[in-house]
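What follows is a single structure, written as structure tokens, with notes after it.
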Amino acid sequence: MLQFAFIFCICTSLILSCVSTNTEKINNNIFTKIPAYIVASKSQLLNSTRCREELQNLQTAVDHRMLWSLKVLDASGVFKPVSFLFGNNYWMGSRSQCLDMTSTVFSLLSQQPIFNSTLFRDLQKELPFQLNYFVAHFAHNSTLQYRVNYSIEDVITLGLCLPASCTTQELSFILNVIFNDKDILNDNFYFSDFQLIQVKNLKNDNNWLFTSTFYIFW
């Protein structure tokens with residue numbers, strides 16, 4: 001009886017170990033499909049810049065499931081293969097959510113929720129760098145997507161919440177390498193290749209106030 005119980009315990013431990021290992025692999029695999037994480041994982045392509053350091057910081061934080069890093073991924077756009085065939089080429093994420101993470105102003109009427117949030121972590125130290133919202137435009141050549149014959153139907157728009165220290169040139173370099181290596185293709189992604197068009201910085205620095213267009217319409 002004792003021998004049977006011992007064997008049962010050993011088998012149970014082995015099964016639980018296998019389940020835990022497979023679950024961890026699945027969770028890690030989920031992150032490798034998120035564009036913002038893929039960009040962060042390619043930080044070694046850059047020279048020793050602040051952008052490279054902060055991208056590495058982001059990748060490490062995601063690997064350790066730190067809350068602030070998961071919020072960064074949540075604010076970034078993700079692949080939408082379910083609606084891609086019907087023409088959904090806008091994978092935007094949330095610009096407001098991305099920028100709000102760097103804000104220290106709470107819009108809550110009660111102080112109790114703030115107190116509850118700070119009981120177990122220091123919100124001021126959670127996000128170690130400033131964030132910015134970028135948009136990458138790239139073309140795809142999938143022949144499976146529904147067509148309506150307009151000029152930009154082959155252009156995908158992807159929102160990326162990433163360190164504000166990164167420049168559009170640095171992100172363009174990383175994305176070009178990713179597309180060439182096909183790292184971003186999700187299980188061959190409907191037999192499609194991607195070609196980067198441009199990366200835009202959507203930071204609002206109010207420079208448009210000083211343009212001639214503003215003065216004309218003002």
Side-chain angles (χ1 to χ4, degrees), residues 12-46 48-82 91-108 111-136 158-166 170-171 174-175 177-179 181-187 189 199 202:
T12 303
S13 299
L14 290 174
I15 293 173
L16 292 176
S17 178
C18 292
V19 171
S20 177
T21 301
N22 290 333
T23 302
E24 184 177 355
K25 288 181 179 179
I26 292 173
N27 290 335
N28 290 334
N29 190 53
I30 292 174
F31 292 126
T32 61
K33 303 299 182 182
I34 300 177
Y37 181 84
I38 298 174
V39 171
S41 68
K42 298 294 181 181
S43 60
Q44 73 278 3
L45 295 172
L46 302 177
S48 297
T49 63
R50 183 178 174 184
C51 175
R52 171 175 174 164
E53 179 183 344
E54 292 179 350
L55 286 176
Q56 290 174 335
N57 195 341
L58 173 60
Q59 181 189 5
T60 301
V62 172
D63 292 340
H64 288 83
R65 309 297 191 270
M66 297 182 67
L67 181 60
W68 68 264
S69 65
L70 301 182
K71 289 181 179 180
V72 171
L73 296 189
D74 188 56
S76 298
V78 295
F79 298 121
K80 298 182 178 179
V82 176
W91 310 340
M92 302 303 297
S94 174
R95 178 177 181 269
S96 60
Q97 181 179 329
C98 176
L99 300 181
D100 283 348
M101 278 187 283
T102 61
S103 174
T104 58
V105 179
F106 292 92
S107 58
L108 300 174
Q111 291 297 316
Q112 187 61 31
I114 300 178
F115 175 75
N116 291 338
S117 296
T118 56
L119 276 177
F120 303 104
R121 66 183 194 270
D122 186 351
L123 296 180
Q124 302 300 323
K125 296 181 180 179
E126 272 206 337
L127 190 63
F129 46 76
Q130 293 294 308
L131 294 172
N132 193 21
Y133 184 80
F134 301 87
V135 168
L158 172 67
L160 294 168
C161 184
L162 293 170
S165 62
C166 295
E170 289 174 316
L171 297 181
I174 292 177
L175 285 171
V177 173
I178 291 173
F179 291 154
D181 294 343
K182 303 184 185 298
D183 286 344
I184 207 167
L185 301 184
N186 200 353
D187 297 327
F189 201 74
V199 176
L202 296 193

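Scope of the values below: all heavy atoms of this structure, side chains included, with no hydrogens, waters or symmetry mates. The first residue of the sequence shown is numbered 1, and numbering continues consecutively from there. The structure presented is a predicted model; accordingly, all values stated were derived computationally and were not measured.
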| task | With rounding to the nearest 0.5 Å, note down the distance linking CD1 in Ile178 to CG in Leu45. | result | 8.0 Å
| request: To the nearest 0.5 angstrom, please state how far the NE2 atom of His64 sits from the OG atom of Ser69. | output: 10.5 Å
| request: Of all the heavy-atom pairs spanning Lys33 and Ile38, show the shortest one and how long it is. | output: C-CD1, 4.2 Å
| note | To the nearest 0.5 Å, atom CG of Leu131 lies from atom CZ of Arg95 at 12.5 Å
| For Glu53, does the CD atom sit with more than 12 other heavy atoms under 6.0 Å from it, leaving out its own atoms? | no
| field | Test item: Asp63 and Gln59 side chains (from C-beta on) under 4.5 Å apart, heavy atoms | value | yes
| note | Result for side chain to side chain contact (heavy atoms under 4.5 Å, CB included) between Tyr133 and one of Cys98, Ser96, Ser76 points to Cys98
| note | Heavy-atom nearest pair, Glu170 first then Thr49, reads OE2-OG1, 3.2 Å
| query | From Thr60 OG1 over to Met66 CE, what is the distance, rounded to the nearest 0.5 angstrom? | reply | 10.0 Å
| query | With a 4.5 Å heavy-atom cut-off, do Leu162 and Leu58 have their side chains touching? | reply | yes
| query | Is any side-chain heavy atom of Asn132 less than 4.5 Å from a side-chain heavy atom of Leu99? | reply | yes
| message | For a side-chain contact (heavy atoms from CB on, under 4.5 Å) check, start with the C-alpha distance between Val72 and Val62, then their side-chain angles and the critical distance, and finish with the verdict. | response | CA-CA 9 Å; Val72 171; Val62 172; over 6 Å; no
| Atom CD in Gln130, atom CE in Met101: separation rounded to 0.5 Å? | 11.5 Å
| Roughly how far, to the nearest 0.5 Å, is CG of Leu160 from CZ of Phe134? | 8.5 Å
| Non-neighbouring partners of Ser43 that pass side-chain contact (heavy atoms from CB on, under 4.5 Å), sequence neighbours left out | Arg52, Leu55, Gln56
| Do Val177 and Lys42 touch side chain to side chain, with heavy atoms closer than 4.5 Å? | no
